[in-house]
Amino acid sequence: MSEPMDFLLLVRGTGFDVALTIFVIGVVLRLFEIFSLGRGVNLAEPRGREFGPGMRTILTRNVPDPHTFRRQPLTVVIGYLFHIGLLISLLLFVPHIELFKETFGFGWPGLATPIVDAAAVITIIALLAALWHRASNPVMRRITRAEDWLVWLATFLPMLTGYLAYHRMVDPYPLILGLHLLSVELLLVLFPFTKLMHTFTLFIARWYNGAMNGYRGVQS
Amino acid sequence: MERLDTIPVVSASSPGSAVGVTGNVLPLLHEIRHALERLARDRDPTVIDLRAIPFAPGDEERLLSLLGRGEVSLVLSALGRSEIRESGYPGVWVVEHYNDAGERIALQIEVTDIPAIARSQVADIEESSTRLNDLLMNDNG
Amino acid sequence: MANSKTLGESLRRHGVTRRGFLKFCSATASLMALPPTMVPAIAAALERAKRPSVIWLSFQECTGCTESLTRSHAPTVESLIFDHVSLDYHHTLQVASGEAAEAAREAAMHENQGGYLLVVDGSIPLADPGYSTIAGISNVDMLRETAAGAAAIIAVGTCAAFGGLPKADPNPTGAVPVSEIIRDKPIVNVSGCPPIPVVITGVLAHFLTFGALPELDRYGRPMVFYGQSIHDRCYRRPFYDKGLFAETFDDEGARKGWCLYKMGCKGPMTYNACATAKWNNGTGWPVEAGHGCLGCSEPDFWDAGGFYNALSIPTSDVTGTVVTGAVAGAALGAAAALLNRGTQGEAREKHATVTVDDLEKGV
Amino acid sequence: MSQATIEKGINAFKEQIDAPVAAFFSSCVSCGMCAEACLFYTETGDPKYTPIHKLEPLRRVWEQEYTLTGKIKKLFGLTEAVTDRMLSEWQELLYDSCTMCARCSMVCPVGNDIAYMVRKAREGMVASGNAPEGVRMASTRAVRIGSPMGVKLTSLQAQIRHIEADTGLTIPIDVEGAEYMALLSSMEIMNFPEYIGGLAKIFAHAGISWTLCSTAFEATNSGIQIGSSDIARELVQRVVDGAERLKVRAVISPECGHAYTAIRWEGPNLVGRRFTFKVIHILELLDQLRASGRIRTEGLERECMTFHDPCSLVRKGGVIESPRNLMNMVTENFVELEEHGKWGWCCGGGGGVSSNEEAAGLRHKAFRRKKEQLEASGADALVTACANCRLVMEEGFEGYRVEMPILGLTELVADHLVTEEGSGEPPEKR
């Protein structure tokens, strides 16, 4: 009778521990893997600096160049909706904040749940649109590998199960809450070893881009 | 050491508490309004069991005071006391049932012309007719 | 002993009038959390209801469930029902003791074979049946024997329903709920630690009234009482939705009656009727008293993380895991870095200078 | 004679992969935005020209050699090795359809510098013998003859004689201690000698001492285009040796985009030391002279003129404002293209594409982007600052039957110099 509860306890305990350990080890490992490859010293006389332009590029790449946006608005709009929705759902939902507080020792104010709920709906719709776009856009189809589908699924499941859990659409509640946690654990485990890593590495990538261009006096 | 009963009890429904914020009173008033419309239109009565409503402290008082008191108050003595009174809105009745020990065992809002329990029961009417008849027969005899 | 008198007759014998009976029926409907429109059906059913025999077995329990039930105040509607019930065995309440008590149980079983109602509170130890015995009979044997002739079983309290406190990790007695031993009888789980008195009586009333068990949820609990979570029926829910939380027991949020989620309230995963049925004769309930729900009507609630940890916090030491992971990651990362540098260095060493003579592929 | 092999190619990939490359590949989410920045995709609609897709061989080597998952996949045979066949297939993607214009590097949402990686990937293509024939030939000529177009010193000297006769000015060669040593691109020598004349006029006007170098007059660097640091190093070394022999203060890169990036940005890193001289693009120098008042112009072009930014000059070179200042100095009706400066569109012939005959058809298709952009500007004439762009666009105009004169910005400035000799202030030594 109590399997859903046993399941919830497993994923809230050992399961989460294992996933989090793999996640942290993986992320640190990946960063080591990246940075260990180093970068040559640039002997050319600089026209500009590296650090500042690098940091600026980290910021400026959040906004697409207007012409490119006009050429491919769907990617941009879906991307924005998905990322903003995801960040709201992940970082501004009070139960999630409690988890971060427990982990890092500090928290932050959350948003009213109807707002988070709306954000989650937007995120889920955006993810479905992204899936459709990936399947139908010739460029994306060409460059999509199995990993991209996996990453989509790993992102979609926590959103879906989270939504179902919040709205209690699955009975019993511990089952869906457990599935939500399990899907998050799947995400955590896959995270370091897939392009989900871009969450962290995009800052490195953008910085390098901005720095290397900044050195030549170009704000990229 | 103080005796337990000398420590003052402070009601949770003091001003500044959650009175009225649960949002349960307003929907309930709407429900009553719809029930009144149904009653006026179709003669269709409605009973709302307030025990099934998750009231915050003070909500019940707020609801009852909003409904107010009307012209009719009935007291029923059967299996303990029951109070049946018309609210300030005719057609809306507040029915409270108590047990022998004076503890409330039910609180209902009835939207009807008169709550069923206040009517004389058909079987009782027949019985009283018989009883009165018997009495008169005996007198005659 | 049970007799064949109906409830209607029994009530009239108590001098209950027709209006009284109607009042009783509406109170019963309310008790069973059924809509007032059900009152005529209830009246008709009660009129015909037979007086059942009830055997109450207490195993690994704290008597809290019985306490909860007997907390029923003076003569209430519930007590009218219990007056009607023939409680033939209840070792806490019965006068008889020892062999006489066991004889009463056996007599009730034989007389009402296949028709009596079995109520169980407490869990059953399986690691060693000797952990809990009554009159030399192990709990598991007594349960099997008594359940065999029961019409239905009501598992009262979280121990009987889900194993409860005795089953809490590491479960030294190998405690199991009734449902793990008895599989061929209808079982109603009336969970809670203890269950709300009116919920116990409500279920009994349902059985008495309709001669059948109410609709159950996935955990075998009556939907009418366990159909909605504490969270969904909580009067503090609007604060949760607005993002207003009490952070400590004495802060402004606590004084203003804000949501107790952050203080570990397990309301969102707990299904029970506390928010509407309330406790202490309707006076209030834990959240109304300013304390989060412990989730006592849910399986394994003892092991579901600290009572004062928010539901979303994993039961393990997250910070420790992160720190350990980071250290392990750095160690593994250093090894990976060495490997990468090795590969890169080797490639650079193997570099053969490209000249314009080397641009063609070898054949 | 040694040979190019797939092993050498993969080894080159392994050498080339650095932290930025690893960060870039880790970050790519396959969003496909880079395709929208690439004229080879926008003009053909063929998704295989998606920039990040062109890097698949390099990505695969990175994953297999430098990531734990890749190593595990390799161990269990879950990933395909990069083969010579794959690289042959990718030749079209890494050479024919990429000018390394770096426009994709500007739009990538996660900040991947794709052009940076294409440059690196080409190292592996060269080492494995998968560079296109035309580009290989250009490199061979550059190394053996001294110019990718096979221009020898004698041809230069012949052109110089013509120019000296036309302008009445001396074109100095091998003048030790001159302030500037000017480099030329073969195309300027053969197709646009007016550039050399323009230089002579400007330096005479500004009173600046300059020289050409007989052992290092060629500015273009086929090694950069083919993607071989070894070949590029050899070519850069010639310039360094020449500049140091003549003890010049600075070397002037001509109106050629990739020549500038080759000597200015890659040069010191190729030879492994900082230069003892400065490297400056001719437009930068002109702009400096303009700002300091050492060149003065008269008259303004009336025609509506626009400017084509050579990719290597703007996005990859950082010379963005100078041409605008100069355009405004000599034209009164200068219109910008809608996407200009660091957002400019490539002519389609950079990065070795123009010397790759196999790419001619594709280049013609891709040029439509530039053509439409120019037509939309409403300009009557086009000014640019790269001999290669100029030639590619002239060919493109021919193909699309567009009538639009193309001018070099340096010669345009030279044409407007104040003519009365000595009427200006005596130029001061800076």
Side-chain angles (χ1 to χ4, degrees), chain A residues 1-6 8-9 11-18 20-38 92-105 107 109-117 165-166 168 171-175 177 181 192, chain C residues 161-163 167 169 177 179-180 189 217-220 228-229 231-232 240-245 259 261-262 268-271 298-301 303-305 309-319 321-341 344:
Chain A
M1 274 291 186
S2 58
E3 319 90 54
M5 199 62 175
D6 292 338
L8 176 63
L9 289 181
V11 293
R12 272 182 78 199
T14 319
F16 195 80
D17 250 359
V18 170
L20 189 64
T21 307
I22 293 175
F23 171 78
V24 175
I25 289 179
V27 167
V28 174
L29 173 84
R30 283 301 307 277
L31 294 178
F32 269 86
E33 276 179 351
I34 291 168
F35 288 117
S36 66
L37 292 170
L92 297 175
F93 186 47
V94 169
H96 297 165
I97 298 171
E98 285 301 294
L99 171 60
F100 289 115
K101 199 157 121 191
E102 177 74 8
T103 312
F104 303 118
L111 277 181
T113 44
I115 300 175
V116 178
D117 188 34
Y166 175 72
R168 299 157 181 283
D171 184 54
Y173 181 71
L175 175 68
L177 185 62
L181 281 165
Chain C
F162 306 127
K167 186 174 172 278
D169 191 52
S179 56
E180 282 198 23
N189 286 326
D217 73 359
R218 200 182 173 284
Y219 285 124
Q228 274 179 305
S229 73
H231 188 60
D232 286 338
Y240 174 86
D241 287 335
K242 283 181 199 151
L244 299 173
F245 296 90
C259 178
Y261 183 92
K262 288 186 175 183
M269 57 165 274
T270 307
Y271 291 76
E298 297 304 308
D300 299 327
F301 81 99
D303 297 323
N309 282 349
L311 180 59
S312 58
I313 296 176
T315 48
S316 52
D317 170 19
V318 200
T319 316
T321 306
V322 170
V323 172
T324 319
V327 172
L332 280 172
L338 276 176
L339 275 176
N340 276 3
R341 291 200 78 95
Q344 198 184 35

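Naming convention: chains lettered A, B, ... in sequence-line order (proteins, then strands); numbering from 1 in each chain.
Side-chain contact check for A/Asp17 versus C/Pro314: every heavy-atom pair is 4.5 Å or farther apart. Side-chain contact between C/Gln344 and A/Ser36: absent, with no pair of heavy atoms (C-beta onward) separated by less than 4.5 Å. Considering only heavy atoms from C-beta on, C/Leu311 comes within 4.5 Å of A/Leu177 through its side chain. C/Pro268 places a side-chain heavy atom less than 4.5 Å from the side chain of A/Tyr173. The shortest distance between side-chain heavy atoms of C/Met269 and A/Leu8 falls below 4.5 Å. Side chains of C/Asp241 and A/Pro114 form a contact here, defined as non-hydrogen atoms less than 4.5 Å apart. Side-chain contact between C/Ser312 and A/Phe100: absent, with no pair of heavy atoms (C-beta onward) separated by less than 4.5 Å.
Of all the heavy atoms in C/Tyr261 and A/Glu98, the pair that sits closest is CE2-CG, 4.4 Å.
The salt bridge (Lys or Arg N to Asp or Glu O under 4.0 Å) search around A/Arg12 returns none, not counting sequence neighbours. For A/Phe32, there are no ring pair (Phe, Tyr, Trp, His ring centres under 6.0 Å) partners two or more places apart in sequence or in a different chain.
A distance-only check finds a donor-acceptor pair linking the side chain of C/Asn340 to the backbone of A/Glu33 [under 3.5 Å]. Distance alone, capped at 3.5 Å, places no donor-acceptor pair between the A/Thr103 side chain and the C/Val318 backbone. Within the 3.5 Å criterion, the main-chain N or O of A/Thr14 finds no donor-acceptor partner in the side chain of C/Ser316.
For the atom pair C/Phe301 CZ and A/Leu9 CG, the distance stands at 12.0 Å (nearest 0.5 Å). Rounded to the nearest 0.5 angstrom, C/Ile313 CD1 and A/Glu102 CD are separated by 4.0 Å.
Taking C/Ala331, C/Gly163, C/Ala330 one by one and counting their heavy-atom pairs under 4.5 Å with chain A, the maximum is reached by C/Ala330. Between chain A and the residues C/Ala328, C/Ser229, C/Ala335, the most heavy-atom pairs under 4.5 angstrom are made by C/Ser229. In terms of heavy-atom pairs under 4.5 Å with chain A, the best-connected choice from C/Arg341, C/Lys262, C/His231 is C/Lys262. Taking chain C as the reference chain and counting heavy-atom pairs below 4.5 Å, the highest number among A/Leu37, A/Val11, A/Leu31 is found for A/Leu37. Interface summary for chain A: among C/Asp232, C/Thr324, C/Asp217, C/Leu332, the most heavy-atom pairs under 4.5 angstrom belong to C/Asp232. Among C/Gly243, C/Gly305, C/Gly325, C/Ala334, the residue making the largest number of heavy-atom pairs under 4.5 Å with chain A is C/Gly325.
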Take C/Tyr271 and A/Arg168 through the side chain to side chain donor-acceptor pair (under 3.5 Å) test and state the conclusion after the steps.
CA-CA 12 Å; C/Tyr271 291 76; A/Arg168 299 157 181 283; 3.2 Å; yes
Run C/Thr321 and A/Val24 through side chain to side chain contact (heavy atoms under 4.5 Å, CB included) and show every step you take.
CA-CA 9 Å; C/Thr321 306; A/Val24 175; over 6 Å; no
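Residue contact with chain A, scored on non-hydrogen atoms closer than 4.5 Å, involves the backbone and the side chain of C/Tyr240 alike. A/Tyr166 touches chain C through its side chain: at least one heavy atom from C-beta onward sits under 4.5 Å away, while N, CA, C and O do not.
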